[in-house]
Structures are given as C-alpha cells and as structure tokens.
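Notes for the one structure printed next.
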Amino acid sequence: MAQKPSIPKGTRDFLPLEMGRRNYIFNTIKKIFQLYGYLPIETPAMENLSTLTGKYGEEGDRLLFKILNSGDYLKKTNDFDFKEGNSNKLTSLISEKGLRYDLTVPFARFVVQHRNDIVFPFKRYQIQPVWRADKPQKGRYREFFQCDVDAIGTTSLLNELELIQIMDDVFDTLKINVEIKINNRKILSGIAEIIGFPDKIIDITIAIDKLDKIGLENVNAELLSKGISEKAIEQLQPVLNLSGTNSDKILKLKKMFSDFNSETGLKGVNEIETIFEYLENIKIKSDVTLDLTLARGLDYYTGAIFEVKAKDAKIGSICGGGRYDNLTGIFGLKDVSGVGISFGADRIYDVLEQLNAFPDYAVSSTKIMFVNFGDKEEKYCIPLLAKIRKAGINAEIYPEQAKMKKQMNYANKKNVPYVVLVGENEMKQNILSVKNMDNGEQKSISVEELIDMVK
RNA sequence: GUGGAUGUAGCUCAGUUGGUUAGAGCACCGGAUUGUGGUUCCGGGGGUCGAGGGUUCGAGUCCCUUCUUCCACCCCA
C-alpha cells in the first residue's frame with residue numbers, strides 16, 4: 001500500500017530555486033567571515049548527551065533531540081525504572097547521544113579536545129544545521145542552519161568590535177536594515193547585586209527581556225511573582241526607564257554603579273564604553289544601541305551580549321551571541337574566554353523573502369542544450385559537448401530521442417538560453433543550428449563561434 | 001509543555017439545512033504540429049475528502065479520538 005510521503009514536523013525540503021537563494025546567503029556570510037580571518041570547521045550532527053545536557057538551561061534540555069541507543073536499548077533498564085516514572089533517569093539509560101542544539105557548545109568541546117592542534121587565539125566559523133524539539137511556528141523550525149563565528153582564547157574587546165563589523169557587513173551586503181542591540185551580562189549582574197538579589201539574576205534578566213513585549217507593569221508583576229521584593233523592583237525602575245543616547249546611558253550607569261560601589265557593574269559599563277569608542281572611528285551602517293533589556297536566555301554568557309533584529313520584517317532575532325568566559329571549563333580547560341555570534345540563515349531567508357530582496361542572481365544552470373535527434377546525431381554531439389564543457393560552459397544533451405516539442409519544452413522550463421540543433425544537414429555542413437530561446441532567433445555557426453558567443 | 005485555528009487532486013481552493021457518480025483553475029500526459037519551446041484550441045489520467053472510530057436509511061458535511069500544518073504563550077536563530 002502506498003503511503004503518503006511526509007517529513008518530520010518542523011523540517012523542510014529545499015527545491016533548486018530555494019537552494020540558489022540559500023547558497024546566496026551562505027556564500028555572502030562565508031565570504032565575510034573569511035575576510036576577518038576566520039577559518040572553517042565542522043563537527044558531527046550528534047554529540048554525546050553528556051556534552052549537551054545542562055548547558056542550555058532547563059528549557060534547553062527539554063528541547064534536545066535524543067537518539068535511542070542502538071541494539072536492545074532497554075537492556076539497561078528494569079521494571080522499577082518504568083514504575084518510578086522518572087523520565088530523566090530513564091532517558092540516561094536508553095539514550096547516550098543527542099543531536100546538537102547549537103554550534104557553540106560543540107565548539108567548546110572541539111577546542112578542548114583539539115587544543116594542541118589549533119592556534120590560539122582561535123578564530124573559526126561553522127555553518128551547519130542544528131536541531132531543537134521546539135514547537136514549530138513562524139520563523140521557528142526543528143532543523144535549521146546556524147552560521148557561527150567565534151574567537152576563543154582572547155579577552156580582547158577588539159573581537160567584540162570585529163563581530164559588530166561582521167554583523168554590519170553581512171546585513172549591509174544582504175540589504176537588510178537592522179538594529180544591532182548590545183548589552184553586557186556584567187551590567188545585569190551589577191544591577192541584580194545593587195538591588196540585593198544577586199542570585200535572581202536569571203529571573204531578573206528573563207523578566208526585563210520582555211519589557212518591549214509585555215510592558216513595564218507586567219514586567220514588574222513578573223518580578224514580584226519571582227520573589228523580588230517591592231523595594232528592589234522600585235530600585236530597578238530607573239534602569240528600566242533608562243533612555244537617551246548610548247553615551248547618556250553609559251554615563252548614568254557609570255554614576256549608578258560607582259554610587260553603589262558595584263565593581264562588576266562598573267566593569268561591564270567600561271567594556272561597553274570601550275566598544276563604543278572603537279566604533280567611533282569606523283563607519284557602521286546599522287544602528288548600534290545599548291539596550292539594557294536585552295538579556296538572552298543562554299546561561300553561559302558572561303560579558304557582551306548581542307542581538308540583531310530586522311527593522312522591516314516581523315520575525316524574531318536573526319542573529320545573536322555574546323561572550324562566554326568559561327564554556328571550555330566544563331570540559332577541563334580553564335581560563336579560556338571566547339566570544340561569538342550566530343546568524344540564523346533560515347530566518348534571514350524568511351526576511352529576504354518578505355522584503356522581496358533576493359537579487360536576480362544568475363542561476364548557474366545549463367547554458368546550452370543539444371537536442372537529441374537520434375543515434376548518429378548523439379555520437380556526433382558528444383565530442384562537441386565535451387569541447388564546450390572544457391571551455392567552462394554548462395551544457396547538456398537531452399538524454400532521450402524524444403519529440404522535438406518535449407525537448408524544447410524541457411529547455412524552456414529549465415531556462416536554457418541556447419538550444420543547439422544538429423541533424424543530418426548540420427552534420428554534412430559541419431555547422432550548428434543555434435536557437436536563442438529569448439527571442440527565437442536561429443543562426444548557423446561553428447562550435448568555436450558558439451563558445452565565444454556564450455562565454 | 002499550554003491554548004486557538006486548519007486539513008478536499010501534485011499545488012491553490014469551491015462543495016447548499018446531511019441526499020445521485022465530489023468539482024474548478026494551475027500543473028502533468030496526449031493530439032492539432034514526425035526539425036522548433038514559451039501563446040492558443042481539443043482530449044486524457046488522476047481523490048481512502050488527513051487517519052481511526054461513532055451517530056444516521058444515507059457523512060466531504062454532525063460528534064469523539066489522533067495526527068499534520070499554521071498562529072499565540074513559553075523559549076529561541
């Protein structure tokens with residue numbers, strides 16, 4: 001019985017047209033990464049679960065795709081495990097591998113494992129799919145591509161600057177208007193410290209991250225429900241209402257942190273200030289704004305955090321990242337700081353589609369097609385084809401001796417600009433009848449002339 | 001994980017208060033036209049009406065379950 005073909009929820013097939021467009025995105029990103037001296041690496045689709053779990057917070061663990069052990073995957077379990085109903089424990093017994101959730105954690109693992117084979121500071125880029133067991137919706141897929149750039153083994157803020165330049169370059173080249181938001185985890189820590197709830201930093205950041213979405217009142221309500229005192233929330237208000245230019249904000253924050261003697265907060269502000277100082281000397285097309293409500297959920301960020309939003313399209317962030325001081329520590333390599341960002345290729349695709357901003361790039365497909373008239377003609381055409389291909393021109397011969405109409409139709413649908421007809425007459429005279437599919441004109445020329453014409 | 005909408009031909013969709021053999025456009029295949037495509041005309045193939053169960057003389061249509069896709073929340077690229 002024929003079954004209806006389908007693919008898993010949240011995954012997609014890509015047609016040739018879509019692949020052309022996707023490659024346009026990947027190629028521009030890749031080119032810019034290389035321009036800044038980053039080198040490519042790849043890591044496997046699956047990692048040991050021990051590498052992945054606990055790195056993305058509770059929510060992240062839930063979204064990990066786990067792979068069932070091969071063979072009799074139940075052999076390590078017993079009746080008690082099932083009766084107990086502890087699915088976390090059960091999972092560890094039947095699954096030891098999972099699909100990667102992002103490219104940053106596998107990269108940290110990679111750095112530790114290959115520390116003797118790479119040169120520090122190590123600048124790498126990586127363009128590969130990642131998987132999340134999320135519920136799919138607009139701009140959210142279960143399999144999607146991330147394009148990561150990270151510099152690891154250096155605390156220099158020049159890296160942060162470079163990443164901003166890369167973001168600006170990429171979106172300028174792709175012609176997407178964006179706002180680059182920047183913040184610093186140390187500032188957020190400083191604030192949590194000042195208001196007396198340093199342990200609640202995660203709850204606080206998640207709440208204020210929602211400010212532009214749910215409004216000030218709801219944020220305050222959420223903070224209260226997370227056990228933050230009213231007095232502390234009161235203290236937080238000037239921060240939430242912080243406005244003005246980037247330098248205004250920096251000045252106000254500086255004052256606040258020195259008044260309250262918060263070393264961490266001050267350090268964060270200084271970092272931000274340095275980055276903005278760097279930016280003064282170069283041209284950046286995108287808006288770069290200091291946004292204190294930018295929190296980002298990932299637990300491992302310790303310094304700068306970035307997020308990019310498209311101004312003219314309604315979709316989540318299309319790029320994000322930050323600095324992590326101790327990601328390699330979990331794998332046994334201490335004191336290696338890194339910073340990186342990740343471009344969401346699939347969302348960028350959606351934005352470009354919404355904006356109708358894909359260029360009319362030349363699809364690199366067949367330029368010349370030979371019509372197939374019969375056995376004798378086939379044999380005559382084969383060396384001609386070889387010659388054309390040798391000259392670097394994409395060419396093909398219709399593989400069957402089908403009706404003219406069918407062959408012409410094929411060429412037409414594939415947008416082949418030139419069709420070559422070689423029958424008895426042409427063979428006798430040693431010429432080709434070449435039809436221009438745009439205007440329908442046809443002329444008799446030699447192979448050499450054809451090559452010159454198409455080249 | 002929570003809530004809402006959705007599903008009819010390969011695609012986009014009609015289908016009356018439940019009533020004969022479920023339709024259209026596009027796409028596909030063939031012919032008009034055996035060495036000339038994109039236009040036109042004529043013809044043709046294609047459906048477990050998402051799946052399973054129920055109500056009914058009778059279900060694409062009503063009810064239940066389940067799955068898919070989309071949207072919102074959570075979270076995120």
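Proteins get letters first, then strands, A, B, ... in listed order; numbering begins at 1 in each.
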pair_partner(G19(B)), Watson-Crick or wobble, both distances < 3.5 Å, evaluates to C57(B)
For residues Glu378(A) and Asn372(A), is any side-chain donor paired with an opposing acceptor at under 3.5 Å?
yes
Complement of G25(B), any strand, by Watson-Crick or G-U distances under 3.5 angstrom:
C11(B)
Residue Lys210(A), side-chain heavy atoms: nucleotide from G3(B), G35(B), C74(B) that is nearest
C74(B)
Over all strands shown, is Glu377(A) touching base, sugar-phosphate only, or nothing at heavy-atom distances under 4.0 angstrom?
nothing
Within the structure shown, what part of the strands sits under 4.0 Å from Gly440(A) by heavy-atom distance: base, sugar-phosphate, or nothing?
base
Could one point to a donor on the side chain of Arg140(A) or the base of C71(B) with an acceptor on the other under 3.5 Å away?
no
To the nearest Å, give me how far apart CZ (Arg12(A)) and C1' (A77(B)) are.
11 Å
So, Asp148(A) versus Ser342(A): side-chain donor-acceptor pair below 3.5 Å or not?
yes
Kindly indicate whether the side chain of Lys435(A) and the base of G37(B) share any N or O donor-acceptor pair separated by less than 3.5 Å?
yes
Return yes if the base of G35(B) and the side-chain atoms of Glu424(A) contain a donor-acceptor N/O pair under 3.5 Å, otherwise no.
no
How far does the P atom of A22(B) sit from the matching atom of C26(B), given to the nearest Å?
22 Å
Inter-nucleotide P distance (U55(B), C63(B)), Å rounded
15 Å
Separation of the P atoms in G4(B) and U65(B), to the nearest angstrom:
12 Å
Roughly, in whole Å, what's the span from CD in Gln407(A) to P in G35(B)?
10 Å
Length of the line joining Phe373(A):CZ and U34(B):C1', which is rounded to integer Å:
11 Å
Taking only N and O in the side chain of Lys405(A), is any of them less than 4.0 Å away from OP1 or OP2 of U34(B)?
no
Measure from the side-chain heavy atoms of Asn409(A) and tell me the nearest of A77(B), G38(B), C74(B).
G38(B)
Any side-chain donor paired with an acceptor under 3.5 Å for Asn183(A) and Tyr301(A)?
no
Would you check if there is a donor-acceptor pair between the side chains of Tyr125(A) and Gln34(A) at a distance under 3.5 Å?
yes
Within the structure shown, what part of the strands sits under 4.0 Å from Gly423(A) by heavy-atom distance: base, sugar-phosphate, or nothing?
base
Give Gln137(A) one of three labels, base, sugar-phosphate or nothing, depending on what nucleic acid heavy atoms sit under 4.0 Å from its own.
base
State which of G35(B), A72(B), A77(B) makes the closest approach to the side chain of Tyr141(A).
A77(B)
Ring pair (Phe, Tyr, Trp, His ring centres under 6.0 Å), paired with Phe343(A), selected from Phe306(A), Phe145(A), Phe33(A)
Phe33(A)
When the distance from CG of Asn372(A) to C1' of U36(B) is rounded to whole Å, what number comes out?
15 Å
Separation of Asp134(A) atom CG from C73(B) atom P, in whole Å?
13 Å
Please classify the nucleic acid contact of Cys319(A) as base, sugar-phosphate, or nothing, using heavy-atom distances under 4.0 Å.
sugar-phosphate
With distance as the sole criterion, is a donor-acceptor pair present between the side chains of Gln126(A) and Asp150(A) under 3.5 Å?
no
Ring centroids of Phe144(A) and A77(B) base under 5.5 Å with planes under 30°
yes
Taking the P atom in each of G23(B) and G46(B), what is the distance between them to the nearest angstrom?
13 Å
Using atom P in both nucleotides, what's the gap between U20(B) and G60(B) to the nearest angstrom?
10 Å
Pair partner, A32(B) [Watson-Crick or wobble, under 3.5 Å]:
U40(B)
If you assign each of Lys138(A) and Ile318(A) to its closest nucleotide in RNA chain B, which residue comes earlier from the 5' end?
Lys138(A)
Nearest-neighbour nucleotide for the Met404(A) side chain, A77(B), G38(B), G35(B) considered
G35(B)
Whole-Å distance between C74(B) C1' and Asp209(A) CG?
12 Å
Kindly say whether, by distance alone, the side chain of Lys403(A) makes a donor-acceptor pair under 3.5 Å with the base of U36(B)?
no
Determine, using ring centers only, whether Phe144(A) and Tyr349(A) are less than 6.0 Å apart.
no
Provide the distance between the two C1' atoms, one in G47(B) and one in U21(B), to the nearest whole Å.
13 Å
Phosphate OP1/OP2 of U68(B) contacted by Lys9(A) side-chain N/O (<4.0 Å)
yes
Out of G38(B), G30(B), G35(B), which has the shortest distance to the side chain of Lys406(A)?
G30(B)
What contact category does Gly10(A) fall into here, base, sugar-phosphate, or nothing, at under 4.0 angstrom with non-hydrogen atoms?
sugar-phosphate
Starting from P on G37(B), measure out to OH on Tyr398(A) and report it in whole angstrom.
14 Å
Given that both distances must come in under 3.5 Å, which nucleotide forms a Watson-Crick or G-U wobble pair with A5(B)?
U69(B)
Test item: side-chain donor near acceptor, Thr53(A) and Asp61(A), under 3.5 Å:
no
At under 4.0 Å between heavy atoms, what does Asp438(A) touch on the DNA or RNA strands: base, sugar-phosphate, or nothing?
base
On RNA chain B, check which nucleotide each of Asn425(A) and Lys413(A) is closest to and give me the residue with the more 5' one.
Lys413(A)
Just checking Lys135(A): base, sugar-phosphate only, or nothing, at a heavy-atom cut-off of under 4.0 Å?
base
